[in-house]
Structure formats: C-alpha cells, structure tokens
Amino acid sequence: MNFDLSEDQAMLKDTAERLFAQAAGDSSGDLWARMAELGLLAAPFAEEDGGLGLGPVETMILAEAAGRAQVLTPYASVIAAAGTALRLATTPPSALISGLAGGEVRLAWAHEELGMPSDQARRTRARSTGDGWIVTGRKINVAHAADAARLAVTVTIDGGQLVLLIPSDARGVSRRDYQLFDGTPASEISFYEVTAEASAVLASGGEAIVLMERVREHLTAFRAAEAVGLMQALLDATLEHLKTRRQFGEPLASFQALRHKAADMLVALEQARSMAMLAALSVEDADQEERRKTLAQVRSVVGKSCKLVGQTAVQLHGGIGVTEEHPVGRGFRQLTLIDLEMERG
Amino acid sequence: MNFDLSEDQAMLKDTAERLFAQAAGDSSGDLWARMAELGLLAAPFAEEDGGLGLGPVETMILAEAAGRAQVLTPYASVIAAAGTALRLATTPPSALISGLAGGEVRLAWAHEELGMPSDQARRTRARSTGDGWIVTGRKINVAHAADAARLAVTVTIDGGQLVLLIPSDARGVSRRDYQLFDGTPASEISFYEVTAEASAVLASGGEAIVLMERVREHLTAFRAAEAVGLMQALLDATLEHLKTRRQFGEPLASFQALRHKAADMLVALEQARSMAMLAALSVEDADQEERRKTLAQVRSVVGKSCKLVGQTAVQLHGGIGVTEEHPVGRGFRQLTLIDLEMERG
Amino acid sequence: MDLSFSPEDIAFRDQVRAFVAQNLSPDTRRKVEQGRALDKADVVEWQRTLNRVGWATPSWPASAGGPGWSAVQRYIFMDELYAACAPEPLSFNVSMIGPVLIAYGSDAQKARFLKATANLDIWWAQGFSEPGAGSDLAALSATAVRDGDYYVVNGQKLWQGMAHRADWMFTLVRTDPKAAKKQGGISFLLIDLKSPGVTIRPIITIDGRHEVNEVFLDDVRVPVGDRVGEENQGWTYAKYLLSNERTGIARIGMTRRILARVADALASVEAGLTEAAQARHAVEATAIEAELRALEITQLRVLAAQQAGQTDPRSSILKIKGVELRQAASELLLRVVGPAGYAFAYEGQGEAPSEAASNYFTLRAASIYGGASEVQKNIIASSVLGL
Amino acid sequence: MDLSFSPEDIAFRDQVRAFVAQNLSPDTRRKVEQGRALDKADVVEWQRTLNRVGWATPSWPASAGGPGWSAVQRYIFMDELYAACAPEPLSFNVSMIGPVLIAYGSDAQKARFLKATANLDIWWAQGFSEPGAGSDLAALSATAVRDGDYYVVNGQKLWQGMAHRADWMFTLVRTDPKAAKKQGGISFLLIDLKSPGVTIRPIITIDGRHEVNEVFLDDVRVPVGDRVGEENQGWTYAKYLLSNERTGIARIGMTRRILARVADALASVEAGLTEAAQARHAVEATAIEAELRALEITQLRVLAAQQAGQTDPRSSILKIKGVELRQAASELLLRVVGPAGYAFAYEGQGEAPSEAASNYFTLRAASIYGGASEVQKNIIASSVLGL
C-alpha cells in the first residue's frame, strides 16, 4: 500500500503542471500540439499502437494538473472518451490510434442525446445495408466536435447497440456549434441517412454495451481527477482571499464562520481526492460488478464535493466571485458541470 | 388577516402556561385532574356534549404551552387523537365524550402496528358475529394506555376498515407496558378473540378511513404546535448557555460559528411556527385534498426543524446537553420522536 | 387568528389581477416566465404602464405621488405581479432612491426627481459598493472634496445594477476623511452619469449577463444641490435605504415560478432522467415547496406586524430563507433539465436553449448582495437573539 | 500508487481474523453487532484474551510489552476487530494512559502499571474535563497542594468514561495557580479511586446508559510518586495523550456495522415503510456508504504518511468526517427502524426492543467529546489551512 508517485509519474506531473500553467496564461491555442509533442496524448495507448502504455494513474495526474490550472483541454473527450473507445474496441484500429496518440488526428465522442438517461439505449438508429450501416439521429453536447476528423457514435440497431466511427465530413452529417457553460466548445450533430462501412464498427452487441460503459468509467475517472485539481485551485484562491481581504477592520480569515467553511472545503476536497485515486486504481479492475459499484461511489462523493467547494468558494469570495473575469467564478462553472455529469452517471 | 390571539385565547395561553410551568416543577401527577378542573380537556368538544366548543387554534395554544414547559401530557393521545375519533365518529358517543371532557374517563388511540405504514390498512382484524365483532391482533406504542378505560382501535374487516371502541379490561385484551424514548408511557396491546358490540363501532367503511385520516391530521396539528413550544424552550436554553458559558476566555456567544448556528435555529423555529399556525388554521378545512397537501407540508417543515433545532441545541450545549438530567437532552429526545412521527406522516 | 384577506383586499387583488392580465405584453411575460433577461425597453414600458394608474411605486405614500397602499395591499400587488410573470417595478428607483428622496430629499429634489423616477424617465443605478467595501460598506473610500458650489468626486464604484442603462446614480462618498468613526464623514450624492469624468466599464457575471458595471469617477463635479440631506450624514440615509431594500425580499413568487419550471421539466421527456432520479427530484421539489409555504406564512406574520406599525427584525429571516429557497429551486431546475441545460450563451450572443444554468449562476449572487447571508445571521444573532 | 496490502500484511490479517473467529464469545459478538452496551466482564474477558497473545495494546512498542506493530498492521488489526464485531481494547488503558506512561512515566510507574494496564487488572478512567472546562480543557480548576510526600487534591471532574467500573483515574490538576499561562501550572496525576475523599456520582446520558460519572475529590491525598513526569508540565503530557486519542478515530468499521443494520432493517417488513420511504432511505444509505469508502481511502493515506514517519495534521479530517458519518448512519437506522424503535429502556431496566434510538443518542456526543467538531475545524483552519 502506498500513495506515492513513482519517479516517472512525478516527472509527468511536473511536466503537465508546467505546460498547463503556461497554457492558462496564454490561450493562443497550440496547447494540443504541445501536448502531442510532449507525448501526453500517447499516454494511455499501447506501445505497439504508438502509445506509451501508461495507465490510469498517469491519466489522473494529467487530469488533476489540467484542473489545477483551470485549462480546458480536449483531453477528456478526445483521449479519455473517444480514445478509450478505440483502445478497447473489439479490434482496436491501430493506425487511427497512432494518429490520435501523435496528435495528427482528433476524434469526438458522440453519445449524449436529449431525453436519454446516460446508461440507456440511444435513439440514434442505424439500419443494416448488408455490408454497412445507415445512421439517422441527433447527438448533443459533443465536446470539441469542430476539430474532430471522426466521430465515435453510439447507435441503436434492431436487437442491440453499436459503437461506430463516422467521418465528421460524411454526407448527411451536420453540426451546430455552441459552448457548454464551463466554456467547452461543443456541438449538436445531426445524422441524416449517413452511410458507414462495416469496418467502421468498433463494437457491437454485448461488446458495444460494455464499451459504452468503459468509456463512461474512464470519463468518470478523468473528470474526478480534474475536479480535484479545480477544487484545489478554488480552495487556494479562497484561502488567499480570506487572508488578504479585510472587512470590519479584520482580515476575513479572522471570522470563525468563514474559517469553518474553509475547513469544510478541505474535508470535501480530501474526500474527493481519495475517490479520484480510487477511481484511477479501479477503472481497469477486471471485476465488472466491483468496478461499477466503485465508480458509482466515486461519482457520489466527487459530485457532492464539487458542489460544496464551488458554492462555498464563490460565497466566500463575495461579489468578485460571481464575475466572469475572476478564476473562481469560472472554476465554479467548471465544477458545476462535473457535478451534473457525476450525478447523471 | 391577523395572527393575534383573541382575548379569550390570550387568557387560555396564560392559564395553560402557568399550569404547565407548575407541573414541570412538580411531577406529583395530578396534572390531568388540574387540566380537567380548568376545563382544558373540554376545549375541542361541542357544548352539547359537555365541551367548550373551541377550535384548533385553542388546541395549538395548549400544545405549544405543554411543549414550552416540556411537560409530557396525555393530551395528544387522549384528546387530540382518541377525542377526535369520538368527536368525528359517525354517531358521536355523547356520554363518553362528556366523561372524557370532564376528566372522568380516559381513552387511548390504538392504531400503530409493526410493519405497517401509518396510512395503510391494519393487520389487526375483526370478523363479524352478526350482531358484533371479534377482534384479534396487536397494537404497539399505544400512549397512556395503562390509564385508559377504553381503547379506540383501528381494525381491518373483510372489504374494509373499522374504528371500534373496546374496553381495556375486556376479555382477551393484554398489555405490556414500557416507555417511549421521549418518556411517554406506552403499551403493546394484544387482542385475542376480543368481543365488541355493534354499538362499539365509531365508523366503518369509507367513513372509518376518513376518520383515521382526520385523527392523524389532528395529531399532526397538535404535535407541530408542541414541537414549536419545545424548540422555543431549547432555543431559550441555548441562548442562555451561550451567554453564560465561557471558553478560551470568552463567552461562547462571542464565537461566530456558534452565533450563526443559533441564528439557524431561529430560522428553523420560525418556519415551524408558521406551519403550526397553518396546521391549526387548516385542520378543519372542508377541502380534503387541500388539507392533505397542507398537512404533508406541515410535517415536512416541522420534522426538519425539529431535527435541526434539537441536534444543534445539544451540540451547542456540549457535554451537559447529552445528560439525562439537563432539560435540553430530554427536549432533544422529545423533538426526535416528533420528527420521526412527522416523517412517517 | 385568520389567514384570509378582507373583502376589500380581495377586491383589490382581483383588480390588480385583471389589470396585469390586460396590460402585460406577452413577450415580456414569456421572458419573465422563462427567467430570461429583459431588455431596457421591456422594463421601461411596464413601469410606465403601471405608472399610468399610479401603481409603479407601491411603497410610496400618497403625499409623494404613490398609491398610499397598506402593507397588505403592497404584498398582494407584488404577489400578483409574480404570479402573472410580470416584472417588478425597477427596485433602484422605486424601493431604493425613491423612499430616500421622500424621507430626506429637499423640496427641490423631490420636485425634480420623484415623478421622473416613478415614470422611469430617469433610470437610477446604485453606487454603494467599492472594490474594498462590500458587506463592510462603511469602509468606502471614494472621496468628495468641496469646491465652491460643487463637490469634486474621485473613486471607483462596483456592482452598479445596470449602470450602463442608467441616467443617474445615487452613491456614497467620503466628505470628511478625519471623522472619528468611519460611518461619520460620509455623504449621499446624486450623480448624473453623463457628467465629464464618469467612465463605465462592463462586468460580465458568471451567468453570462451584463447587469453589473464598474464606475470610475475622475474629478467628477457634482453640484452641492445634488447632495441628499446633510453633509456627513449620508450613513443615516444609506441605512434607511438598506432597511427598505431588505423588506419583502422573500421573493416567494419568484421561487414559485422556478418550481413551476421544475414541474414542467420533470414532466418532459427531454431531460432523460432515470425513474429513480425523477422520484428523487420530485421529493426535493416537494420539500422546497413546503418550506416556501412556511416562508409565505412567515412573511404574512412579518407583514401583520408591519401593518400594526411594529418593525420586525425577523425580516432578516425572510432574506436568508428566501435566498436559500430560490437557490435550492434554481439548482434543482438545473439538475432536472439535464444535458439540455449545459449549453450557454453570453448576453448578446444569441439565446441559450435553456436558461436553467444562467439562472442558477445568477442566483449564487443572491446570498452575497443586499446583505450577505453571513451578515444577516450576524444581525439575527445580535438584534433578535441578543447574543 | 497501490491500494493493496503486502503479502506479509495479508498473512497477518488472516491470522487476526482466524484468532478473533475462534476466541470471541458469541454473546459479546452479538451485543457489539446490535450496538448494545457491554458488561464490564465482557470487556475484561476480551481484553485478557487479546493480551494472552500480546495483542491487547496494538500501539505499544515491543519494548513496553506491546506487539510493536507498524501503522498498517494496527489498522488491519482494528479493521478486523470491527468487521468481526469484536470490542476494541479499552481505549482509556490502551490508547490514552498507556502511551503516556510509556513516554513519560518513571521506571517505577512503568513496572507497577504497564502490565496491569494491558491486562485490564487496572481499569483506568479519564479525569480531564470539569464542569467549567470542556473543549477549553486548560481552564480546569481542580487543585493539588503539596503536603510533604503527598498532594492534597480538591475539585470535581466530569465525563469519566466508566469511572464506576474503574480502579484508577488519570487526571489533570492545577499545581501552580499563579502560572503566567493557564496551560502552565498543570500536573498530571494518577489517583487510586479507592482513596478516601473520592466520591463518584453516576450521570445517566440521553441514551439511557450509565457510562459517565461526576467524580468529586475532597482532600484526596495522592502520593507524589503518582505524578507523571514533572510538576507543572502536565499540559505537555495531556496534549500527547489527546493527539493519540485523535489518531485513527474515523471508526469506519463501526459505521459499516450500523449500515449493515440499516440494510437488514430495510429488508425487514417490521419497519412498515412506504415504498417511497424505502427508496429514499436506500439512496441515503448508498450515499453514506460512498462517503465511508472515501474516508477509508483518506484514512489509508494518513496511515501511509504515518508509516513513512510523517505526522499528518489532516487526521482532524478523520475525526470530523468519521463522526459525521457515524451520526448520519445512526440517524438513518433510527428512521428506517420506524415505530419498532420508539421504545426505550434505561440501563439495568431491561432491554429495549431496538437499540437504534439509544445508539443515535449515544452518537450525538461523538461530535462533542475528544475534540468537538467546532474545535477540529478550528484546528484545520489554523494548522492545515494556515488561516
């Protein structure tokens, strides 16, 4: 039993923190290229596919660093979600994985739909043409879709489910771009009679259902760690504010009610940190039942912590905490979205 | 719209408060006789039945005064519950009511059973003998049963329900006495082939179901007001403690975290007080749907307030708050029972 | 003890209800119902509609051109507005500066401002807070130095409700920096925002909206005649204003509107909730509704005390609990709406598919401004509980 | 990063598990499982059973007759006890006075007390708190005046865990009333409770149990040799004792046992819950279980730091959250058990049909003693957050 990082992991943490800190100050947009350059995109993939063969703990380190710097990276949707769909596909598409790992190609995970609980069958449907599929339906909140060359799409077929790869410029695909409230660029994507080849199937039947669940689990693990970084950033900012801001002739830090709220934030953060670690250490667990139960527990604790830390940070900051220009306000919105995702499962 | 007491109501309040304050100091046990003497037991009954023809607001005044003095009176079970069952019976038993109102005879409300939600059919069953009923079953937590001459019992029959009066010394009735955790003496009462005459039926069929609900509603209104009195007593004691007890060289009242908790107690108390008033003003409302909704809301708010005020009072008192000899500890137990009753509905 | 209104009050309620039904524009109504931002024109139009029948200034006495309503009538009026999804009369004008001018303004000020304020010919902004003075308002540092018939004002004011729409601002400035207590030496000035030296910088809040601004005052010359009341007595007028601001702030009708949207969303399939989540959210909605009912009675109790001429320090309870319930309802709405509510649009950049997120973020500020919840609890502990 | 125990630790765990299974009396096991009070004999028997194999004093070093376990082994041992519904070794002896004697006791004291303490031949009571000194322990006013080879002790002590069962008590008394700081001038005495002048008055707590007493000390003569460490340095030893008391107090296994009873009660028909209530309670149980899982990891993280020789001020988190979850679980149990749990019996007056209520009331004290939750939050704010 130990909670220490290995030497390599400590180096990775250092690299990621420096990179994201830099990116947070300069949003000129070459972050993805820099991440590719440093090999960060290749982390979770097998070495034979051009990856580094690293595990969920390394992903946790990256996610936490991104959260800590309050950087919006496409890593969750492109690598943790779509990347997992490729990696755990029935036949992993080697060339595509190495393109993803090298930063040459981007994917998006097109799963969410209006009116569907996250763990239930999709309304987007595909019908067989014998040697391929024709897809019709609509996905929402597809993160970073505008930059994606292909979409990993979850669909329902007669008697089952599929996970399919569809080029984002295929005929019949249309996109409406907007922003999620955490700042992530996202799209509503409509599919109208879109043709997909048989080779585009990443998984079908029972394997497709498992694959969707695995993607959700990896997303949960990533977002939990990202939330821990965000909460740490908000707690740090709040402590700084309490120490420097004066009211009624005293620093805010001298008011016991506020001190106790800061203590509550720490307790919530440490509980979430424990769960982010547990998520990383469990997400590749072979026992499906155990994994499912553990990740549900992770969602429960992390969601509640996001809410408490976010709301309290804003309240303790007072007026400036609700402004767009203050990092705490933005961080609160990011934590709110993670909370909602965790609650939905 | 007004929230003032009439002159008579103010007098009643005064009388009740003096009586209960006296009783709280002296538990020699003639409280019931004193209540009868002062006409308090006669309050809710019709004048032609020997009552005073007063309404739910007067009951609220009594209940709040009892709570405020932390006196355990049998009023809730004997007058508010069993008395309501008589008063609203299909044919109100005039002589018995006047005995109850005069304090000469006591009743108990025998309704609760193991394993039954409070609003569902009973397992205690009665079968018809043509000119009467034979009852078998078991009731629990029958408050003040040891002093009751008769029991108002809810039973299930083929195709419906009954509310029946059974003498507590009838053959086949047996009793095991114990205490509820708020200090109320109570009994488990078993009925084995107990005979009841046809004239013992207070209500049957749809009327029995309505009668049970009316009794629950009157109990809710009574207990809500009692809770308000209790919460006021605990808040007063807590404020006194905060002002006098010193720690780390300061009175507890100087610690902001504790001041804010006391403020939370007041908010909860005032919300409950509003609901106790609403309960009194609604419990005789003719619109059943509206009444049902209102009393559910009363239970929701009062239950939550009981929990917050009780737990906080104990916490702010520290060690002495968890001792049997301190009124706050006992008051917390009383509030806890009301909270549980409110939650069950 | 009686919860029902008098026949006169019921007649009044029916009159208000009919008027609102006939006169509120469907477009404004829809915006309010859905929690969307109102345009300046919407607010002005509605205020003037009300003003035509003398209802734009519910709390003003008849002698000042108000309707001279009782506390109960004011309550009924506001309740009807909320129930009909009508906007409130602009609070900066009607609840804040208006009563101050009525109580402390000179005859010249009353003549010049009151009618224009009621009719929203002048849109007022509040200039109280500063970067270093929020809950601790008396710590303000904007200064006004006398120069003949003028004050020369310098400083920086924050959280101006809608200053970019406003014509004038009422503000607190320090006129005697040497006063023994920081509450002393403060004066209450009215500043024309078109004056040279006034710069307004927009502040976008986390709800994506622009309702707040930073106002910079650089050597702004304010005529002495635009000072309200005595020099260095501004704190008294400010306290009066703030106590008015705090009255009737349970905003029960607003919470009820949010709960209505929760009920709609729970009934809609768009949210994609599991049955378990749906049941959980419904329980939560029921609990909030129950608390809201209790708060309504609490509000009526405070009102009855006011009606009887008593002031009730318990109005802090209305603020705390009112905010708590509005926040809880808006959070519940966000959870119920689900992924359909994740999209976001900044004001002026198109409409978001759902206002649930914006409303939730807007309302986080409700426990900060107008007396933060922590400050309200301090008040309860001192003034009500005697701690 | 790795959550699994080493093969040696797993072998150790299996050894403990087998021992407990073979040696714990079914009667004691049942009492612990159901949250019932243990008789003195139950506690003594189990302590001696453990002591026969050297396990009664998990935290004592081998040099003092303890097993000399690592932090991880101690954790595993306690976890196994909880899981098997075995009592903990008596904390007054094992976690409180034992370590103080080991660290600060004289050789004579060690020789006289340690073995008897481990074997529960002496049952110790804690005599720290006083009517005027609870969370603010240093405000104590019991005095000890030197008279030759004796101290003459006068005062009143509260909240003696089980003083009526105890043979000796460890206590703090003021030996120098003139000390500049109130923490100075305090000495740490061991008092034989059979000494003349000691009176013990039972205090019944709201759970109906008798675990607490008031101890009156009237001119009690205590040999100077029964003082631990230096005169007037008692505060140092007390702080050491309290910091030990605070370690490992998440008591996760205890909460897990309560949750197991919740699951049983939810599955039983006795409670008479509506389906909606059942679903609501199940959701709550799941949420507590999740928090408990998180706390378990948090505890392991603190443990790993201790294993590496670091002290972790975050152990206050274990206390706060541990208590919060135990209280939440016991409250949930009370709600789930329903009317079957309304009955109550005072200790010695028969058994209540359900211990749910007693346990709930017992645990309300958990956020008060051993460093109240408010004090823990003060500690976190100062020591961890640097506020």
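Each chain gets a letter, A, B and so on, in the order its sequence line appears, and its residues count up from 1. Fair warning: this is a prediction, and the values are worked out from it, not measured in the lab.
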Practice task
Determine whether more than 12 heavy atoms belonging to other residues, nucleotides or ligands lie under 6.0 Å from atom CZ of A:R125.
Solution key: yes
Exercise for the section: Please step through side chain to side chain contact (heavy atoms under 4.5 Å, CB included) for the pair C:F344 and A:L337, ending with a clear verdict. Expected result: CA-CA 12 Å; C:F344 194 67; A:L337 190 58; over 6 Å; no
Completion exercise
Taking every heavy atom of A:R333 against every heavy atom of C:T205, the minimum-distance pair comes out as NH1-O, 4.5 Å
Exercise for the section: To the nearest 0.5 Å, tell me how far C:L137 CG sits from A:Q247 CD. Expected result: 10.0 Å
Practice task
May I ask you to decide if C:Y342's main-chain N or O and A:N141's side chain share a donor-acceptor pair within less than 3.5 Å?
Solution key: no
Practice task
Heavy atoms only, distances under 4.5 angstrom: which of C:G132, C:G338, C:G208, C:G134 has the most pairs with chain A? Name it, please.
Solution key: C:G132
Exercise for the section: Give me the contact list for residues 212-220 of chain A versus chain C, heavy atoms only, anything under 4.5 Å, ordered by residue number. Expected result: none
Exercise for the section: Please look at C:K377 and chain A and tell me whether the side chain, the backbone, both or neither of the residue comes under 4.5 angstrom of a heavy atom of that chain. Expected result: neither
Problem - For chain C, the option from A:E113, A:E188, A:R246, A:R344 that forms the most heavy-atom pairs under 4.5 Å - result: A:R344
Fill in the blank from the handout: So CD of C:E331 and CG of A:D339: to nearest 0.5 Å the spacing works out to 7.0 Å
Exercise for the section: Indicate the atoms forming the closest heavy-atom contact of A:G249 with C:K182, along with that distance. Expected result: N-NZ, 4.5 Å
Problem - Spacing of CD belonging to A:E343 relative to CZ belonging to C:R280, to within rounding of 0.5 Å - result: 5.0 Å
Exercise for the section: For residues A:F181 and C:L334, determine if any side-chain heavy atom of one lies less than 4.5 Å from a side-chain heavy atom of the other. Expected result: yes
Exercise for the section: Counting only heavy atoms closer than 4.5 Å, note whether A:L180 contacts chain C via side chain, backbone, both or neither. Expected result: both
Practice task
Examine whether an atom of C:A365 lies under 4.5 Å from a heavy atom of chain A, and if so say whether it belongs to the side chain, the backbone or both; otherwise answer neither.
Solution key: both
Handout entry: Side-chain heavy-atom pair C:R335, A:L340 within 4.5 angstrom cut-off
Key = yes
Problem - Sorted by number, residues from residues 310-329 of chain A in contact with chain C (heavy atoms, under 4.5 Å) - result: A:Q311, A:V314, A:Q315, A:G318, A:G319, A:I320, A:G321, A:V322, A:T323, A:E324, A:E325, A:G329
Handout entry: Largest heavy-atom contact set with chain C, pairs under 4.5 Å, which of A:R245, A:R330, A:M116, A:E112
Key = A:R245
Handout entry: chain C contact via A:T336 - which portion, at a heavy-atom distance below 4.5 Å
Key = side chain
Problem - Engaged part of C:A133 at the chain A interface, taking heavy atoms whose separation is under 4.5 Å - result: backbone
Handout entry: Interatomic spacing from CZ in C:R364 to CZ in A:F332 - rounded to 0.5 Å
Key = 5.0 Å
Handout entry: Heavy-atom proximity to chain A below 4.5 Å, by part of C:R209
Key = neither
Exercise for the section: Below 4.5 Å from any heavy atom of chain A, which atoms of C:Q327 appear? Answer side chain, backbone, both or neither. Expected result: neither
